[in-house]
Every structure is written in C-alpha cells, then in structure tokens.
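Worksheet for the structure shown next.
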Amino acid sequence: MNKQTVVSGIQPSGQLHIGNYLGALKNWVEIQNSGKYDCLFFIADYHSITENYDPKEKKEQIFNLAVDCLAAGLDPRKSVFFIQSQVPACTELAWVFNTITPVSELERMTQFKDKASRQLKNINMGLFDYPVLQAADILIYKGVLVPVGEDQIQHVELTRDIARWFNHKYQTDYLPEAKPLLTKSARVMSLADPEKKMSKSLGAKHFLGIDESKEKILDKIKKAVSTAEGIENLKAIYESFLEDMAGDFKPDKMGETKAVMAAGIYNHFASFREKKQELLKNRSYVNKILAQGKKQAEKIATKTILEIKEIIGLAS
Ligand code: TYM
C-alpha cells in the first residue's frame with residue numbers, strides 16, 4: 001500500500017519559538033521518524049513576504065530556519081526538505097485555485113483579519129490570497145495530513161474545500177482531501193499575555209525562542225504572568241517538556257517552579273544547540289540538502305501541474 005503524504009511548512013520570519021516547536025516542528029520530526037508516511041516539509045518564504053520585512057535579512061532568515069529545522073531533527077534522508085519559492089509549479093497551482101475560490105471565503109479567514117489589523121498600511125493581495133497559496137503548497141504534493149498548530153486549522157479546512165470545489169467543477173476525483181494533524185500543544189499561549197497565542201509579532205517578552213540563552217529563558221519565565229490563565233499556560237508548557245523537568249509543578253510555589261522550568265527547557269535544547277553550531281559551520285552542506293530537496297519536490301510538483309493543466313483544459 002502507498003504511504004499517506006504529509007506536507008507542512010513554516011515561515012522564515014526570525015527566531016523560532018516554543019509554540020512553533022511544540023505545535024509543529026517536534027511533531028514533524030516524530031512523524032518523519034515513524035517511517036509511516038511520505039513527508040515533505042518546506043520553508044514558506046513566499047508566504048513570509050506578505051508581511052512587512054527587510055529584503056536584506058530574508059536570505060539569512062531562510063538559511064537560519066533551514067539550520068534550525070535540521071538541528072531539531074529533520075532528516076533529509078527521511079523527508080523532502082526544501083524552499084517553497086524554488087518550486088514554481090506551486091505558485092502556478094495557486095493561480096488555478098484562485099479561479100475557483102470565492103472571495104467571500106477568503107474574507108472569512110481569521111488570520112487575514114488579524115494580520116491585516118496589524119499592518120494597516122500593507123494590506124496586500126498576497127496577504128488576502130495567502131490561504132490559496134497554502135492550499136497549493138499542500139495539494140501540489142497531494143498532501144493528506146498536515147501537521148500544524150491550531151491557528152492553521154481554518155487554512156487546512158479551506159484546502160479541503162478547494163479540493164472539493166476543484167473536483168466538482170472539473171468532474172474528477174484528482175485532488176485528495178487534506179486534514180490537520182494537531183499535537184497536544186497545538187496552541188501555546190503568550191508568556192506575558194496568556195489570552196493571546198504565543199507569537200513573535202507580539203514582542204520579545206511574549207515568546208520563548210528555542211535557542212535563547214539560559215539567562216534569557218529564566219528571565220522571561222520569571223516575568224511570565226502568574227494569573228490563573230498564566231499558570232495554566234505554564235503548566236501546559238511544563239507538561240510538554242515533562243521529561244526534562246527535574247522537579248514538580250507547584251502552583252503555590254511559582255518561583256521554584258519557574259526555575260525548574262527554565263532549566264528543563266534550556267536542557268531540552270542542548271543537543272539542538274550543538275547540532276546548530278555544527279551546521280552553521282557547514283553552510284555548503286545545508287545548501288546541498290536544500291538543493292536536493294528542491295529537485296525531489298520539483299519532480300512531484302511538475303507532474304501534478306501538468307496533470308492539472310490537462311484536467312482544466314490548458315495546453316501542457
Ligand atoms: P508559521 O510559520 O506561522 O508557524 C509554523 C507552525 O507553528 C505553529 N504555531 C504554533 N503552534 C502552537 N502554538 C503556537 N503559539 C504557535 N504559533 C505557531 C503554526 O500553527 C504552524 O504549524 N501558514 C503557515 C505556513 C504554511 C503552511 C503551508 C503550513 C505555509 N504553507 C502548508 C502547512 C501547510 C504559517 O504561517 O506557519
């Protein structure tokens with residue numbers, strides 16, 4: 001029997017935080033290592049340029065994210081790992097999907113509304129069309145399982161709808177229906193404002209970067225709010241790193257608990273830090289992996305776009 005295809009992506013927009021790690025990356029590595037699936041993971045650089053950014057920094061952000069993913073355990077022998085924009089068939093498919101996606105469906109997307117409200121001077125078409133490109137990311141590889149955090153569920157549901165609209169319009173069953181794959185920590189909350197999702201865009205005190213220094217981690221956890229919701233969030237984080245915790249979670253002794261947590265989280269990433277240092281010294285090795293991933297992804301994507309063009313009546 002053919003293995004099911006798993007597809008997921010992550011944006012290069014600065015530091016990775018424990019929300020990205022617990023909600024997605026850690027899961028990717030486990031799924032990959034299970035050997036049960038065909039896995040494709042990519043750096044969603046085209047998505048990232050829908051937000052305000054500095055072009056001078058982007059290349060380095062992409063490279064660093066590649067290093068982070070590899071250091072966290074993505075293995076090019078087990079997964080196809082590549083950069084989204086290097087496989088143009090994906091953006092071609094997004095165009096095809098644009099022609100079957102109702103504008104009203106995109107207007108419902110909560111991430112669009114949220115991001116648009118944060119960049120009022122840059123509400124560009126790409127930001128609006130973002131979920132259509134995401135659907136193309138998944139369906140160009142015929143992905144059926146999409147490991148993501150909770151904030152991406154709506155986009156994966158739209159991907160399923162787009163597949164249905166496509167199959168219906170063209171009287172085919174060519175595109176599969178994708179489903180999100182969530183972890184227990186699919187929604188890690190901000191340290192400083194636990195009613196909001198942990199995210200870089202909220203500012204430094206809200207998130208915990210996966211390669212921050214011991215001092216910084218302790219400082220950020222110490223300053224994490226200790227309201228009932230804050231404690232609940234810290235407890236969820238504690239439980240996600242349970243194996244690394246050398247002490248109990250004591251809600252009545254948060255000072256002590258926070259010190260245990262900071263040490264545990266820092267230790268969890270010890271081998272990550274080591275691998276990252278090695279990879280940073282070996283840029284050509286990382287670039288070789290990405291070039292190989294591009295080749296592998298392109299092979300699948302080119303076949304799909306040619307078949308799609310045939311189905312929709314264009315010359316291929
Ligand atoms: P991005 O780069 O914002 O986030 C990468 C992954 O991290 C998850 N995540 C979280 N999980 C739990 N708690 C949090 N606080 C938290 N913050 C982020 C996200 O859910 C995501 O899984 N649109 C995607 C990238 C993308 C993609 C795709 C994903 C582009 N094309 C195709 C899957 C399939 C995004 O912005 O992720």
Side-chain angles (χ1 to χ4, degrees), residues 5-29 31 39-51 53 61-62 64-66 68-69 72 74 80 82-85 87 90-91 93-94 97 109-112 114-115 118 126-160 162-163 178-202 206-210 233 236-237 240 297 301:
T5 300
V6 169
V7 179
S8 198
I10 186 163
Q11 294 191 74
S13 29
Q15 248 180 325
L16 275 189
H17 55 71
I18 59 164
N20 301 131
Y21 178 73
L22 296 172
L25 190 52
K26 184 165 176 264
N27 203 14
W28 296 3
V29 174
I31 289 168
C39 296
L40 296 105
F41 299 111
F42 62 89
I43 295 178
D45 55 345
Y46 268 154
H47 277 113
S48 75
I49 62 168
T50 62
E51 292 182 39
Y53 78 103
Q61 287 179 338
I62 294 169
N64 275 325
L65 180 56
D68 282 350
C69 290
L74 274 198
V80 178
F82 61 101
I83 298 173
Q84 177 190 40
S85 70
V87 185
C90 173
T91 32
L93 182 58
F97 287 168
M109 296 293 123
T110 54
Q111 269 221 336
F112 168 68
D114 183 41
K115 287 186 178 171
R118 280 191 271 120
L127 194 64
F128 186 63
D129 203 31
Y130 181 114
V132 175
L133 179 58
Q134 186 159 344
D137 287 332
I138 297 166
L139 293 171
I140 195 86
Y141 307 107
K142 313 252 184 68
V144 290
L145 297 172
V146 189
V148 282
E150 205 178 272
D151 60 342
Q152 298 300 315
I153 293 179
Q154 199 182 29
H155 292 165
V156 181
E157 286 172 352
L158 184 80
T159 302
R160 184 200 58 204
I162 288 177
K179 279 196 302 234
L181 261 187
L182 303 181
T183 60
K184 267 193 278 166
S185 337
R187 190 171 163 81
V188 180
M189 308 309 280
S190 147
L191 298 176
D193 185 354
E195 286 184 21
K196 298 199 176 114
K197 183 193 72 163
M198 179 176 285
S199 136
K200 265 168 316 215
S201 52
L202 293 173
H206 292 266
F207 70 86
L208 214 52
I210 70 173
N233 184 38
I237 295 174
S240 301

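Being a predicted model, the structure only gives us computed values, none of them experimental. All ligand and atom numbering here is 1-based and tracks the order in the structure.
Annotation for ligand 1: atoms under 4.0 Å from non-hydrogen atoms of Ile10 are 2 (O), 5 (C).
Under 4.0 Å from ligand 1, not a single heavy atom of Val156 appears. Proximity of Ser185 to ligand 1, defined as any heavy-atom pair under 4.0 Å, is confined to the backbone N, CA, C and O atoms. Using a 4.0 Å cut-off between heavy atoms, Leu25 makes no contact with ligand 1 at all.
Any N or O atom pair closer than 3.5 Å counts here, and Gln152 shares at least one such pair with ligand 1. At under 3.5 Å, a nitrogen or oxygen of Gly149, whether backbone or side chain, sits near a nitrogen or oxygen of ligand 1. Inclusion of Gly9 in the set of residues having an N or O under 3.5 Å from an N or O of ligand 1 is not warranted. Residue-to-ligand polar distances keep Lys197 apart from ligand 1: every N/O pair is separated by 3.5 Å or more. Where the criterion is an N or O separation shorter than 3.5 Å, residue side chain and backbone included, Gln111 fails it with respect to ligand 1. Of the polar atoms of Asp137, at least one N or O is found under 3.5 Å from an N or O of ligand 1, judged by distance alone. At least one N or O atom of Met198, backbone or side chain, sits closer than 3.5 Å to an N or O atom of ligand 1.
Protein heavy atom at the shortest distance from atom 18 (C) of ligand 1 is Asn20 ND2, 3.3 Å. In this structure, the protein non-hydrogen atom closest to atom 27 (C) of ligand 1 is Gln134 NE2, 3.5 Å. Among all protein heavy atoms, the one lying closest to atom 12 (C) of ligand 1 is Ala186 O, 3.2 Å. For atom 20 (O) of ligand 1, the closest non-hydrogen atom of the protein is Asp151 OD1, 2.4 Å.
Nearest to atom 17 (N) of ligand 1 by heavy-atom distance, out of His17, His155, Arg187, Glu51, is His17. Of the candidates His206, Gln11, Glu150, Lys196, the one placing a heavy atom closest to atom 3 (O) of ligand 1 is Gln11. Proximity annotation for atom 14 (C) of ligand 1: of Pro12, Ala135, Gly19, Gly19 comes nearest, heavy atoms only.
In this structure the side chain of Phe41 reaches within 4.5 angstrom of the side chain of Val6, judged on heavy atoms. Contact check for Tyr53 versus Gln61: no side-chain heavy atoms found under the 4.5 Å cut-off.
Residue-ligand proximity: Tyr130 is placed with a non-hydrogen atom under 4.0 Å from ligand 1. Heavy atoms of Ser190 come nearer than 4.0 angstrom to ligand 1 in no pair at all. Note on ligand 1: Met189 sits outside its first shell, no heavy atom being nearer than 4.0 Å. Between Phe42 and ligand 1 there is a heavy-atom distance shorter than 4.0 Å. A heavy-atom separation below 4.0 Å is found between Ser8 and ligand 1.
Counting heavy-atom neighbours within 6.0 Å of Lys200 NZ, excluding the residue itself, gives a total above 12.
For the 3.5 Å distance criterion, the side chains of Thr110 and Gln154 qualify, holding a donor opposite an acceptor.
Aromatic pair Tyr141/Phe42: centroids not less than 6.0 angstrom apart.
Between Gln134 and the choices Gln152, His47, Gln111, the side-chain hydrogen bond (donor to acceptor under 3.5 Å, both in side chains) rule is met once, by Gln152.
Side chain of Glu150 to backbone of Ala186: no donor-acceptor contact under 3.5 angstrom is found.
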